[in-house]
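Residues take their numbers from the sequence shown, with the count starting at 1. As the structure is a computational prediction, the values presented were derived from the model and not from experiment.
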Amino acid sequence: MGNHLPEFRAAARRINRRQFVTRAGAAAVLAFAANMPAAGAATARRLNPREITKDPFTLGVASGDPLPVTALLWTRLAPEPYTADSGLPAERIEVEWEVAYDERFALIVARGTATAHPEFDHSVRVEVPGLSPGRFYHYRFRAGTWISPAGRTRTAPAAGATTTRLRLATLSCQAYYHGYFTAYRHLTAEDLDVVVHLGDYLYEYAVTAAGGERKYTDRQLPAHYDSETVTLDDYRLRYGLYKSDPDLMAAHAAHPFIVTWDDHETENNYADETPENDVPPEEFLLRRAAAYRAYWENQPLRTPQQPEGPDMRLYRRLHFGQLAQFDILDTRQYRSNQVQGANWQVPGPESKDPRRTMTGETQERWLLDGWKSSNATWNLLAQQVTFAQRRDVPRSDFKLSMDAWDGYTASRKRVLDGAKAAGLDNLMVLTGDVHVGYGFDLKEDFDDPKSRVVGTEIATTSVSSGMDGVDKPSNWSSLTSANPHMKYYNGRRGYTTFALTQERATVTFNTLASVTEPGSALTRAASFVTEAGDPGLTPA
């Protein structure tokens, strides 16, 4: 399973499986307590930033999780992002930051310094206080003589504000080796308030020297990328590769992001402590701890999301005035193991077992309690895998995906019952994972086509995973006929945009002809409207 840090190995030897599962003793060891800034920050050597001889801002800048009066800003110093130490010594570096009203930074609003700790791979996050709600700001970082690219972010509207419009985009699944991130180039130019990334930000699989389907002829990637990620160094290096993509960097600089993970940020199809492959749980939790640590280091997430060993509370809630409430779920870390693997299977008593959970009891209760107190016009559930029922064929012997909510039908029913009990009029589920675009009406009873529509689901397609794709995949006819609540299905790459008002939500599926060649044009493939108080998708 790779060369884990010594403290990881020591934890595996000293902590039995039950302690790992309950985290009774693992957190103290696997939180990297021997390798945290707090343990030695006062005595650690400080590097003079003027000693940095190469541009350290090769991974750009980012902002995330907008709040009304604070902005979360991120960068990571990496003069050599394809090397294990990113080209920096294991020393602290002071980084200056500033926030301005204007892109020329003539009207500075706030400035300060933050420490890039080697223990966090020289990542930097700044929570800037004292900002005004609902407005754009520009920001940048400085290390010695080097100045980062400038980014633009936006704070959320004030709590309770009567916001008239919210513009957002959703995207997911960006396998570097399956093609170019052209979708991000177009996304950068969109007029948006926020971007929601729904998982599979990177993939654990090997990337060849030519970048897989990118087929580089002007460069050669280092050999260490041509293997699966397992250790902390592996995951950190993989983020260095992905985040150095210029289109991805441009999109992060242009818009604040809300992020959540799916499986590939750690390992394909894992469920809680159960890995895809047959390795001991304690061994997998070492890998999970490494993956979670690297994820936090490389994403614009706030301090409450900092992991402790193999645990990280990623689910959280954000508000955009009275117009929208975002509930961001984690459907990997707490779920019951998939029935008969993660494949398509005929549903049976096991998949319908009421004890099965997609979210875990604590997260489920948090979600339903949050809906009870919501006064938002739109309740947006940002999560990973297909929520609506999805039969594979229009026959009685149909199969369902055991990795999606179809493999956790009791869990899905509890969520829909909770939305009904809370009186949600406009539930919209935002989904990634499937590498296609779907539009679903959510039914009170999916087995009864005449049952009431209780919400909508929009599954965004992949940025690059699956390569170019086609408008109508081979199973298009069988899926659309087997699922009358499926209102849209397209197999191209791209992203999805939303315009929310108090009266309606307009959803646009945006697709690309190709990702295996750079520079593909964007097509507005289809648009749908759902009216406030009248759930269901209607062609625009």
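- Listed by chain and residue number, nothing satisfies the side-chain hydrogen bond (donor to acceptor under 3.5 Å, both in side chains) test with N483 (two or more places apart in sequence, or in another chain).
- For residues 408-427, the set of pairs meeting the ring pair (Phe, Tyr, Trp, His ring centres under 6.0 Å) definition, not counting sequence neighbours, is empty.
- In this structure a side-chain-to-backbone donor-acceptor pair under 3.5 Å is present from T75 to G60.
- Between F120 and H117, the ring planes lie perpendicular to each other; the angle is over 60°, past the 30° to 60° tilted range.
- No donor-acceptor pair closer than 3.5 Å links the side chain of R356 to the backbone N or O of T409.
- Aromatic pair F509/Y488: ring centres closer than 6.0 Å.
- Aromatic ring orientation, Y177 versus Y203: perpendicular (interplanar angle above 60°, classes split at 30° and 60°).
- Every residue meeting the side chain to side chain contact (heavy atoms under 4.5 Å, CB included) condition with D85, not counting sequence neighbours, appears here in chain and number order: T83.
- Not counting sequence neighbours, F498 has no partner by the ring-ring contact (aromatic ring centres under 6.0 Å, His included) test.
- Residues passing the side-chain hydrogen bond (donor to acceptor under 3.5 Å, both in side chains) test with R332, sequence neighbours excluded: D262, D403.
- With salt bridges taken as basic N to acidic carboxylate O contacts below 4.0 Å, one links R287 and E228.
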Which donor-acceptor pairs under 3.5 Å do the side chains of residues 391-398 make with protein atoms, sequence neighbours left out?
unit_1: R391; atom_1: NE; unit_2: Q389; atom_2: OE1; d: 3.2
unit_1: R391; atom_1: NH2; unit_2: D447; atom_2: OD1; d: 2.8
unit_1: D392; atom_1: OD1; unit_2: K399; atom_2: N; d: 2.7
unit_1: R395; atom_1: NE; unit_2: D397; atom_2: OD1; d: 3.0

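- Pairs passing the ring pair (Phe, Tyr, Trp, His ring centres under 6.0 Å) check and including a residue from residues 337-367, sequence neighbours excluded, read Y315-W366.
- Evaluation of the salt bridge (Lys or Arg N to Asp or Glu O under 4.0 Å) test over residues 193-211, restricted to residues two or more places apart or in two chains, returns R154-D193, R167-D193.
- When the ring-ring contact (aromatic ring centres under 6.0 Å, His included) test is applied to H485, the partners found at least two apart in sequence or on another chain are F440, F446.
- Sorted by first and then second residue, the pairs that involve residues 364-384 and meet salt bridge (Lys or Arg N to Asp or Glu O under 4.0 Å), not counting sequence neighbours, are E361-R365, E364-R414, D369-K372.
- In this pair, H197 and F257 present their aromatic rings parallel. The plane angle is below 30°, not in the 30 to 60° band.
- Geometrically, R125 engages W296 in a cation-pi contact defined by less than 6.0 Å to the ring centre and at most 45° from the axis.
- A cation-pi arrangement is present between R214 and Y180, with the terminal nitrogen or guanidinium carbon under 6.0 Å from the aromatic centre and inside a 45° cone about the axis.
- No hydrogens or angles considered: nothing links the side chains of T516 and E213 as a donor-acceptor pair under 3.5 Å.
- Counted by atom type alone, S478 and N475 present zero donor-acceptor pairs between their side chains at under 3.5 Å.
- Side chain of E267 to backbone of E276: a donor-acceptor contact under 3.5 angstrom is found.
- Among the candidates S465, S462, S514, the single residue satisfying the side-chain hydrogen bond (donor to acceptor under 3.5 Å, both in side chains) test with R493 is S462.
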Donor-acceptor pairs are to be reported for all side-chain atoms of residues 416-432 against protein atoms at under 3.5 Å, with residues two or more places apart or in another chain.
unit_1: D417; atom_1: OD2; unit_2: K413; atom_2: NZ; d: 2.7
unit_1: K420; atom_1: NZ; unit_2: E444; atom_2: OE2; d: 3.2
unit_1: N426; atom_1: OD1; unit_2: G533; atom_2: N; d: 2.7
unit_1: N426; atom_1: ND2; unit_2: T377; atom_2: O; d: 2.9
unit_1: T431; atom_1: OG1; unit_2: Q383; atom_2: NE2; d: 2.8
unit_1: T431; atom_1: OG1; unit_2: E457; atom_2: OE2; d: 2.7

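- Taking the six-membered ring wherever Trp is involved, the centroid distance between the rings of Y495 and Y184 does not fall below 6.0 Å.
- Not a single ring-ring contact (aromatic ring centres under 6.0 Å, His included) links Y239 to another residue, sequence neighbours left out.
- Between F326 and F320, the distance separating the two ring centers is shorter than 6.0 angstrom.
- Taking the six-membered ring wherever Trp is involved, the centroid distance between the rings of Y201 and W261 does not fall below 6.0 Å.
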